[in-house]
Every structure is written in structure tokens, then in C-alpha cells.
Amino acid sequence: MQKNLFNIADAKNRYMKTSETHQPISLHYHIKNVGKYELDKVYYEDCIEGMKNLPSESIDVAIADPPYNLSKGGNWKWDNSIRLPGFGGNWSKVMAEWDDMPLAEYFNFTLAWLAELKRVVRPSGSLWIHGTYHNIGIINFALQLLEIEIINEIVWYKRNSFPNLSGRRLTASHETILWAHTGKAKNRKYYFAYDKSKNLACPEDLLKEKGKQMRTVWDIPNNKMRDEIQFGKHPTQKPIRLLTRMLQISADKGHALLVPFAGSGSDCVAAKYLGIRFLAFENDSQYVEICRKRLEKSEIPGRLIENKKKNQKEEVLLTVETLHTPRAARAVPSLIKWTGSKRSQAGSIASLIPKYRRYFEPFLGGGAVLYFTAVPDSVAGDLYEPLIHLWRLIQAEPDKVVEDYKLKWMSLKEELDGVDVNKWKRGNGIPKYYYEVRKRFNEQQAPLDLNFLMRTCVNGIVRFNDDGKFNNSFHLSRRGMEPQRFKSIVDSWHSVIQGVNFMCQDYLKTVAMAEKDDFVYFDPPYAGNRQRYIEDLDLDRLFSTLEDLNRREVKWALSFDGRRGTKVFSCAVPESLFKRQLLLSSGNSSVNKVLNGPVEDVEESLYLNF
């Protein structure tokens, strides 16, 4: 047994002999090979043997997703003929030979591949290692033995994790990722795109705020897009969006990525999207074939052009525009409670939206769907100027919005603390402060006054009279949202809407900018709905706009009509315009309760052209 133990001292000496001069990270645009291996390929070969053939310090970054060594214990499986919510198909626990080693053998195996990674990754580069509690302690110990410094320990939180069926443990909801480098602890040279890490827009991550330092807890759902699994999948396959983030902050275009455990090739696909060269090993021919098909299918981020001066071909990397999916969120924070709000439906609507480049919402209002769909360069429009100005303030000056509300709320509280609210009657102009703000808003249209009124009026309902004046009364039984809670809501929205263009303009101008791969969501005033700040909707004009989008191959969704109780609010949308019509529940009509009396169930139609 002792003869088979990995010789750590020998590995250190072998590494030191090749580390007298450190090569900086270089660009590999014109390099075809690393050692005997051609770049941008996956090789059917054992990774340890393969890495031994690579020159020292020839790789800029590595992502290792080794066996977790957890194929132990009994077999678990699920037959989907037994109906159970949350289980969409047959599955079974991974029980693979490559994932089941005796502890000593697994430790030696870990030391062997890590030692090779230390040798081939430049001190100016870094390496990422996936694991769980089954193996991450062993990997951490091996890194320390090999004197590979850990930069950060990342907790990858999987909010849609698989449930624990035994009922004897907590549900495992995270994996661990170690980010390390091969240089010296006192002279760190590893590449880190710090500014990019701060400014990355991560709409699916509820913890990441654009413009703030990236944390070591990443909230990234584990679900894969259809194109990630269309040729087959690996039991421990990682989502592209996780791997993309890792590469975005630790590598740049033209750098070389090494993937010792390729699996189904997700790391290679992510690298290809970002213009990063790659070299990968996989010892299962089935997965090598999946890698090949995926890489052939994925878009190439570069093209060959003729250099007339040098009469030679050179690779020019092009920008690949990312297609987005709506972010995951438990609920939409109540920022602007606008008439016809889609807060109760927003999650359902967002779940139907296909991948998109930019998001357009021409009738913004309270923007509930925007919370799920906002990405940089999106366009959100509305005709009502104070509303758009308020959105811009929340985007650019959130502290100003919060502080203004706090001062107004304190003034209101001071007045309310000195009187018996139970003796008041609605409509007698009390509290004076509320009606002073309302009067001033109707005269000056200041967006921060509108914000205060929405937070303190009856049920937060925005209502205008025939002259376009805000006319809702103060909510006698409530004092408005407390400033601290309001601040948390503003902060949440502020991080989500960075890069969105808020435009005060007619909806036709907004959607005129939409192109193929963009998505447009329409939520215009419904039949029977009197939103005073918008002129009567010209249906012919709306339908003509939808037809034009169809011709331009722009996907859209339209929330338009429905029913409240037994009353139907309908308008015949031409069947030639849409492919599907869904009926979504909106719960009860609080507006109708306030204005007309009874509480009634509400359902709304959603039309889709895809």
C-alpha cells in the first residue's frame, strides 16, 4: 500500500524545476497547439496521462469537475408512473464505477491530477474546482499539501435543488467551488477581472447587485436550457451560466482553458461563447461524442478574414450577443402599485418568455414583469412623465428616493401621532400633510410626491379624475410603508433595472426599436378600464403594431382582456396575430372592492405569437 502512495515531495520538486521563469498570460489567437494537442478539441484520453504531455505553464485557466466519489450506498430511483408534484420524469441515483473509489485511492488520484494542474497552469492564471461535502475536504487538504493557495471558496446556492426523499437530512441546496492559483502567496499574479466582477449583470442572482463587489455566495439556478441537454447530459453537468461567470472573472478572450474532466462539454461551450480557447480530456467515449455534437452546434465566436498586408489569415474574435432568460424570484417587491398591476401574474408570464436579447415593455406602469426580465439595453416606456421620471430616479439616485420618502413619512407620522384617527371621517382633508402633497403634485407633477402618494393612499391605488388630477384619498387605517422596508424594496429594484432605458413616449416609438431575438410585452389599458393618464387606445393601431412585429419576427406577449366575476371584458383580437391564448388568474379585484363593493375573481387573457 505504501508503494502506491503519491509522492508529494517529488511533485513539488518536479514543479519547482520548471518554474524558474514565469510566463505571463498570453493570447492564443494564432496558436494551434499546446504540446501535441490541437486547441479547441476534446480528447478521448485519461486526463492525468494527457496533462503529462502538456508543457509546463502553458495554460491560463483550468476548470476541474472531478468525480465526487459519492456512488456509494443503495440504489435510489423514481418511476414517473407514480404521480408526485415536482418530479417530472424517471430518474435514478448515479451509481458509476468512475465515481466509486476507496478513500486512499481517491486521495492519491486527487493529488495526481492536482499536481499536474499546478505544473501546467501559469502562476498568472488560476483554477476552479467543483465539489460537495463528500469530497471538497479532501481536495482542500490536497491543495494545501501541494502548496496551491485558495483564493476563495464559492458557495453555489441551488434554489431549485432536488428534495431529500428520506426525510432524515436537510435538503442539500449548495455545492462548493474552490478558486485557487498556482503562484506564490507573497507574489500573487493571477488574473482577476475585478471591475467586470463588480459590474456584471446577473439577473437570475438575487444576491448579486450590479456595481457592488461580487460575493462568495452565488445564487444560480441549476436548471439547464434545452440546447444544453439536447444531445444527452452528464449526471453532474453544470449550467452554462455558472461556468460563464467563472470564466468572465478569471480569463479573457484569447486565453487558454484546460478542462481535465470534460463530461458533456459545458465548460468548452462556455469558453467558445466567450472567445476563450480550450483543451479538454474525457475518458468516456459516450461523453466525448456528446461534446463533439454540442461544440459543432454552438455558435463560433470568430471568423477567418484575409489580411491583405501580410497575405495571411488571422482570427478575429467577434462579440456574441448573449440571449437571456428571465431571472428567478419568489415574488415582485411592491415598488409601484399601479392600476392593472401584474404582480400576481408576473412570474407566470415570465416563465413563458423564450430567450431574448433585449426586453421591451411599452406600457410600463408598475413594471412587475420587468423585475424578472430586465437586462441591459432593455427599453421600458410609458406616456406618463412623472412615472418615468420616478423610475429613472430609482435607477440612478435610489438614496434620494428613500430619503425623500422618509422625510415625508416622518412629517405625516408627526401629525398622526397627535390626533385620534378613529374620530376622523374620510374626505374632510385630514391629515393635512397628505392633502398638501396631493395638491402640490397635481400642480407640479413632481415624481417624488407621486411616490409618497402611492405609498399612503387608499390601497395604493393610482386614480385620476376626468381632468387628469390624482384624486385618491389617504388610507385612514394605515400610515404608509415604513421607510426601512421601503428602502429594501428600492434597493432590490435598483440593482435589477441597471442598464434599462426608461422612455417617456408613445408605445409605437418604443416597439419600433425592437428587432429579431428581442421580446416585447404589452399591457395596455383593457376594455372597461379608465386609466385617465392615457388616451383611449386605438385598437386598429395596436393590432397593426402586432402585425408589424410578426413580419419582423419579433416575439411578443399581450395581456389584454378577461373577466371579473360574471362580467366579461373582451375585445376580439384577430386570430391571425397570435398562436396561443392563455387565461391567467389574478386573484381578487381589490380595486373593485374599494370602488364598487364586492370582491370578485379576476382572470386575464395572455396572447402569444409563438
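Of the inter-residue distances, the one linking Asp399 atom CG with Leu393 atom CG reads 12.0 Å to the nearest 0.5 angstrom. Asp517 CG to His324 NE2: the interatomic distance, rounded to the nearest 0.5 Å, is 11.0 Å. The OG1 atom of Thr545 lies 11.0 Å from the CG atom of Asn550; values are rounded to the nearest 0.5 Å. The line from NE2 of His494 to CG of Leu335 is 12.5 Å long, rounded to the nearest 0.5 Å. Note that CG of Asp252 and CG of Leu247 are 11.0 Å apart. Values are rounded to the nearest 0.5 Å. One finds the CG atom of Leu383 at 12.5 Å from the CE atom of Met503 (value rounded to the nearest 0.5 Å).
In this structure the side chain of Ser492 reaches within 4.5 angstrom of the side chain of Tyr371, judged on heavy atoms. The closest side-chain heavy-atom distance from Phe578 to Trp556 is below 4.5 Å. Residues Arg392 and Ile388 have side chains in contact (heavy-atom distance under 4.5 Å, counting atoms from C-beta outward). The shortest distance between side-chain heavy atoms of His130 and Leu243 falls below 4.5 Å. The closest side-chain heavy-atom distance from Leu608 to Lys579 is not below 4.5 Å. At least one side-chain heavy atom of Ile177 sits less than 4.5 Å from a side-chain heavy atom of Leu242. Annotation: side chain of Trp391 is in contact with side chain of Trp493 (closest heavy-atom distance under 4.5 Å). Side-chain contact between Ser378 and Thr373 is absent, with no heavy atoms from C-beta onward closer than 4.5 Å.
Around the CD atom of Glu515, the shell of radius 6.0 Å holds more than 12 heavy atoms that belong to other residues, nucleotides or ligands. Surrounding CZ of Arg485 are at most 12 heavy atoms belonging to other residues, nucleotides or ligands under 6.0 Å away. With a 6.0 Å radius and a threshold of 12 heavy atoms from other residues, nucleotides or ligands, Lys158 has its NZ atom above the threshold. Around NZ of Lys355, the count of heavy atoms belonging to other residues, nucleotides or ligands within 6.0 Å exceeds 12. The 12-atom threshold is exceeded at CD of Gln581, counting heavy atoms of other residues, nucleotides or ligands nearer than 6.0 Å. Within a 6.0 Å sphere centred on CZ of Arg440, other residues, nucleotides and ligands contribute more than 12 heavy atoms.
A donor-acceptor contact shorter than 3.5 Å links the side chain of Tyr507 to the backbone of Leu542. Side-chain atoms of Asp523 never come within 3.5 Å of backbone atoms of Phe363 as a donor-acceptor pair (strictly under, hydrogens ignored).
For Asp491 and Lys212, the salt-bridge test fails: no basic side-chain N is under 4.0 Å from an acidic carboxylate O. Taking the charged nitrogens against the carboxylate oxygens, Asp195 and Lys198 have no contact shorter than 4.0 Å, which rules out a salt bridge. Salt bridge annotation for Lys400-Asp404: absent, with no cationic side-chain nitrogen under 4.0 angstrom from a carboxylate oxygen. Ion pairing between a basic and an acidic side chain is recognised when a charged N comes within 4.0 Å of a carboxylate O; Lys439 and Glu443 show such pairing. Asp449 has a carboxylate O that lies under 4.0 Å from a charged side-chain N of Lys408, or vice versa, which qualifies the two as a salt bridge. We find that Glu415 and Lys432 are not joined by a salt bridge, their nearest charged nitrogen and carboxylate oxygen being 4.0 Å or further apart.
With sequence neighbours excluded, the residues that form a side-chain contact (heavy atoms from CB on, under 4.5 Å) with Gln395 are Ile497, Gln498, Val500, Phe502. Residues passing the salt bridge (Lys or Arg N to Asp or Glu O under 4.0 Å) test with Lys406, sequence neighbours excluded: none. Take Glu553 and apply the salt bridge (Lys or Arg N to Asp or Glu O under 4.0 Å) test, not counting sequence neighbours, and it matches Lys516.
When each of Leu407, Leu453, Val401, Val437 is checked for a side chain to side chain contact (heavy atoms under 4.5 Å, CB included) with Leu448, only Val401 meets the rule.
Both cation-pi conditions hold for Arg245 and Trp218: the charged atom is under 6.0 angstrom from the six-membered ring centre and inside a 45 degree cone around its axis. Judged by the 6.0 Å and 45° rule, Arg438 forms no cation-pi pair with Phe474.
Ring pair Phe464/Tyr384 is perpendicular by interplanar angle, where above 60° counts as perpendicular and below 30° as parallel. The aromatic rings of Trp179 and Trp128 sit parallel to each other, their planes meeting at less than 30°, with 60° as the upper class boundary. Classification of the Tyr434-Phe452 ring pair by plane angle, with boundaries at 30° and 60°, yields tilted.
Scanning all heavy atoms of the two residues, the minimum distance from Tyr157 to Asp219 falls at CD2-OD1, 3.4 Å.
No side-chain donor from either of Thr216 and Glu153 sits under 3.5 Å from a side-chain acceptor of the other. Between Ser559 and Glu604, the side chains place no donor N or O within less than 3.5 Å of an acceptor N or O (distance only, hydrogens not considered).
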